[in-house]
Amino acid sequence: MSKKKIETEKMNWEYAAAPESASHIQLKEKYDHFINGKFEKPSSGKYFDSINPATAKKIAAVAEGNSKDVDKAVKAARKAYDNVWSVMPASERAKYLFRIARLIQEKAREFAVIESLDGGKPIRESRDIDIPLAAAHFFYYAGWADKLDYAFPNRKPKSIGVAGQIIPWNFPLLMAAWKIAPALACGNTVVLKPAETTSLTAMKLAELIQESGLPDGVVNIVTGDGKVGAEIVSHDGIDKIAFTGSTDVGKLIQKTIAKTDKKVTLELGGKAANIVFEDAPLDQAVEGIVNGIYFNQGHVCCAGSRLFVQESIKDILIKKLQDRIETLIVGDPMDKNTDVGAINSKSQWETIQGYIELGKKEGLEIFQSSCKMPKDGYFIKPTLFTKVAQSSRLAKEEIFGPVLAVQTFRTVDEVIEKANNTPYGLSAGVWTDKGSKIFNLTSRLRAGIVWANTYNQFDPTSPFGGYKESGFGREGGLHGLSAYLKFD
Amino acid sequence: MSERINILKTYKIYIGGSFPRTESGRFYNPMNAKKESLGNICLSSRKDFRNAVVAARKAFGDWSDRTAFNRSQILYRMAEVLEGRREQFIAELMQQDSSRKDAEKEVNLSIDRLVYFAGWCDKYQQIFSSVNPVASSHFNFSALEPTGVVAIVANKDSSLLGLVSYMAPIIAGGNSCVILASENKPLCSISFAEVLNASDLPGGVVNILTGKKSELLSQIGSHMDVNAVCYTDGIKDELIQLKEASIDNLKRIKSYMYDLTTVEVENPYIINDFQEVKTTWHPIEVIGAAKASY
Amino acid sequence: MKNSIQIPDFSRSPKVDQVGIIERASRFQTRSIKNESKIQALEMVLNMIDLTTLEGKDTIEKVNQMCYKAQHLHDDYPGLPTVAAVCVYSAMVATAKAAVKGSGVKVASVSTAFPSGQTPFSTKADDTKFALDQGADEIDMVISRGKYHQGEYNFVFDEIAKIKELCGNQARLKVILETGEIGTLDDVRRASDIAIYAGADFIKTSTGKIGSAASIPVTLTMLYAIKDYYLKTGTMIGMKPAGGISTSKLAIHYLVMVKEILGNAWLTNKWFRFGASSLANDVLLQLEKQRTGGYQSKDYISID
């Protein structure tokens, strides 16, 4: 029998489509607000569409909130705070949070699928990162509920009251968990507004909360656009604002509440420097750069969007980076092999495209993956610009997309100065094999999170938050508790 | 017999370790309750404030890099120097309407407060830092770093203690600061600058201006190179003014209402309020065979 | 020896961050390979196997049986390829050579006092010369790990270079690092560089004779060394993970890794091999499952 000849010179092996099944998920056609433990129709009677950005098609309709809905939610939260949640033994509060963590784990796959459908992020990320971390966050803060006195010696921590929480579209469920878990653990009740383009997992969380038996009104979710957020911020019944989003909106919130005693924490933008020295483990640095800027399509406030490469290794590093970018699979977020999914919305797509055009106009050198691109939906090729000047807008402004600005440097002093030369200060990355250099850099970079020889790592125990215009307050870890407590 | 003529003191401001007059050449005459003039006090301008911030920014790097032990010694040295000049401060406080008893108490408390925070310089980091048990093979720790340049609006009613009680935790934490002294009771603040100047404190770490809140509050709020403000007068409109002016660079605004004569103000949480939490991650290599089960 | 290429200072080989390597390695393992790409991959795997027997109790009969299997993996399944090579001790080279004659299957001989390498170089040279005389197409040599740990990188380098000279145009040289004895990934990287610059055509992880064999992180580290050499010189070097790869799924993840680090050009048995004895049968089970749709039993695949 003749043996099959395997072509020995040109083997062309590509991955076949490996779509995650969406058959097991349950999505309603229409989602109402979640107020006082029940799903309530919007008082306006209006709904807006939630779009799958990978197909530009509608998935479900979501209630459009207004001031009446917000008022109802705040009152429900107040009542729940006064009558139930603030007077419940802390150890009992903890049990509810543990229960919610477990329920998220049980339904992890459904959440992951909906997250990817609604937000455009690759299923690998929602499955391996967003959802497990959301559950872990509840689990972590559940345990704090009855141990708060140990976190603040000599301080007698007390809950604040009703927290208004406004979250972004880049990590919908995870951000909801970051906000709700510590707030509840500390004895507060909440009114949460998910981002307009990504409300669905928050509403699934509402269903899960109902299932958990959490007392009515402890968590209320009102959907809608920025106007609903503004209603929450300015509502008199809110004692504390927690916001994650753009620096511009953060400043607006500061302005709105300047006349009040509301406590506030802000997690805002960033323009992180990712710094690679010539003695770095280069192949792992390339991974860190890719993970730093192309993770979640670059919709990450701590994205390593400014790459600083020591001049002596510029050519080899850029070559390796380009080769690596070529292996990234851009496309259907539901495919298990997709590395870079859909841009979250049409407007964000337009913003990013605008920056890419700007970079070309500024005369920067552009490299884009030659990957195949889907026909429909909002996608952008992983992009890098070289020969970028510190004064270029691409090196200064937060793009919030898969666009990397590369600069070179010669000395340590120079790179520290350039890295800190920004109004932002959320995160930074450093790559070198030399320990003393790492500690020099990590202590001099004015940023709230510094990843040394790694990037974009997250953990419930690890505080997250920025310096300067990247906001104030921390989320995560012991430090994340103080945002939701007041002290004698 | 002719009486000796007293030498009257010309009160200046304190910027970058020197004692200039205000660049504006202006002055004002605060009065005590007996309607006696306290002197020709510098009416600092926005430009003076700007110069003070420049001096503070310049001093910040060196001061925050000092070892905690060194900062601790310098704060303790301030207490030593102040102790040696008790009578001067008591006299000034009495000139500003304090009884002798109250003046003595205020000076004593001020000295003690310096000693208290001198002791915290090399300890608060251990209280507020953490090693975080992340679920991956990384060493992860959160440590504090000073926020930067802090503007302190000193308490209007307490000439010396109000200034010392907040300056001490703020510089103990490695920040530099610009202090706007009590408008109506400014005497001790400038004399205190002399204490600072004699205490090995590097120039620029503490800068002291005299003048009017009504002129300078909005400047303090809107200055883009000021990272935080410490406000202690409890006047709501002023606080709102500060908050609104500070939005552009998202200053950290902290307002305190502590009773300065009690120990409640003696706590490290004030130091903590002017710190940023920095979290650092680094991989931990895992070598399969070498387990730590010895 | 590649005379035109500057030999680097091996004490300064590029650094490797082990946690980063493990993270990258785990990403290959999340790739989901389905349907036609799976079948194509499984057939590639078969064609990349160095079917191996390296035992003191090896006999002519045993070697003959293995050589037959190398050419007739599972005749129930039409159109299957042969394996790439059979791998034996030098004493069995002549037997194997005769048994695979005309099939295209290569004969590889382990050499240089395999597996320990603890003999004088003259013995190693004789061992290699004998295998070549017997007709070996490929020489799988071991490096002197003891000398490596003594920091005598030039000694290790020279041994490889001399064996390469002996191989001449007759045989391709695979250099076994025995990574389980070499130490950290930094050492794996350094040993890879030494082997490559000294003239290896292939670098290979393990002898299969100690507990620790090939792993994805170790192989990934070696692939990066190959990639760097290729970027610098344009010369391709082959890779052979050996030992511990016994399932189709794992083997496919190796292919994913090779594709994503080095590219499709390396996905032939000229540049990539699996040193394995039981892998072939698992691949056959999977191929039958793909063909028939039902899960298979080992009873229907020959054990040799």
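Proteins get letters first, then strands, A, B, ... in listed order; numbering begins at 1 in each. Just so it is clear, the model here is predicted, and its values are computed rather than measured.
Highest contact tally toward chain A, considering only Val134(B), Asp237(B), Thr280(B), is held by Val134(B) [criterion: heavy-atom pairs under 4.5 Å]. In terms of heavy-atom pairs under 4.5 Å with chain A, the best-connected choice from Asn227(B), Ile127(B), Asn132(B) is Asn132(B). Most heavy-atom pairs under 4.5 Å with chain B: of the set Gln457(A), Gln254(A), Lys255(A), this distinction falls to Gln457(A). Heavy-atom pairs under 4.5 Å with chain B were tallied for Gly425(A), Ala151(A), Ser427(A), Gly471(A); the largest tally goes to Gly471(A).
In terms of heavy atoms, Trp281(B) sits closest to Asp459(A) at CH2-CB, 3.7 Å. The two atoms that bring Asp65(B) and Arg444(A) nearest to each other are OD2-NH2, 3.4 Å, heavy atoms only. The heavy-atom pair separating Ser130(B) from His479(A) by the smallest distance is OG-CE1, 3.3 Å. Looking at every heavy atom in both residues, Ser462(A) comes nearest to Asn140(B) through OG-ND2, 2.9 Å. The minimum heavy-atom distance between Lys243(B) and Thr260(A), with the atom names listed, is NZ-O, 3.2 Å. In this structure, Pro283(B) and Ala452(A) approach most closely via the heavy-atom pair CD-O, 3.1 Å.
There is no contact between Phe139(B) and chain A, counting heavy-atom distances below 4.5 Å. For chain B, the nearby parts of Pro463(A) are the backbone and the side chain; heavy atoms of each come within less than 4.5 Å. Residue contact with chain B, scored on non-hydrogen atoms closer than 4.5 Å, is absent for Ala136(A). Of the atoms belonging to Phe439(A), it is side-chain heavy atoms, and not backbone ones, that fall under 4.5 Å from chain B. Within the 4.5 angstrom heavy-atom criterion, only backbone atoms of Lys251(B) (N, CA, C, O) approach chain A. Using a 4.5 Å cut-off between heavy atoms, Pro460(A) makes no contact with chain B at all. At a 4.5 Å heavy-atom cutoff, Leu478(A) makes no contact with chain B through either its backbone or its side chain. Heavy atoms of Ser255(B) lying under 4.5 Å from chain A are absent altogether.
In the displayed structure, Glu414(A) atom CD is contacted under 6.0 Å by more than 12 heavy atoms of other residues, nucleotides or ligands. Around CZ of Arg102(A), the count of heavy atoms belonging to other residues, nucleotides or ligands within 6.0 Å does not exceed 12. Within 6.0 Å of atom NZ in Lys123(B), more than 12 heavy atoms from other residues, nucleotides or ligands are found, so the atom counts as buried in its surroundings. Heavy-atom neighbours of Lys58(B) NZ from other residues, nucleotides or ligands within 6.0 Å: at or below the threshold of 12. Heavy-atom neighbours of Tyr76(B) OH from other residues, nucleotides or ligands within 6.0 Å: at or below the threshold of 12. Enclosure of atom CZ in Arg66(B) by more than 12 non-hydrogen atoms of other residues, nucleotides or ligands within 6.0 angstrom is indicated. Residue-environment remark: CZ (Phe487(A)) exceeds the threshold of 12 foreign heavy atoms within 6.0 Å.
Taking OG1 of Thr247(A) as the start and CG of Asn249(B) as the end, the distance is 11.5 Å to the nearest 0.5 Å. From Thr256(A), atom OG1 reaches atom CD1 of Ile247(B) across 8.0 Å, with rounding to the nearest 0.5 Å. The line from NZ of Lys468(A) to CZ of Arg252(B) is 10.0 Å long, rounded to the nearest 0.5 Å. Atom CD in Glu145(B) sits 9.0 Å away from atom CG in Leu445(A) (nearest 0.5 Å).
Between Phe152(A) and Tyr269(B), the ring-plane angle classifies as tilted under the 30° and 60° cut-offs.
A donor-acceptor pair under 3.5 Å links the side-chain atoms of Lys278(B) to the main chain of Thr442(A), judged by distance alone.
Salt bridge annotation for Glu244(B)-Lys259(A): present, with a cationic side-chain nitrogen under 4.0 angstrom from a carboxylate oxygen.
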Decide side-chain contact (heavy atoms from CB on, under 4.5 Å) for Asn154(A) and Asn267(B); before the verdict, give the C-alpha distance in whole Å, the side-chain angles of both, and the deciding distance to 0.1 Å.
-> CA-CA 9 Å; Asn154(A) 265 337; Asn267(B) 73 68; over 6 Å; no
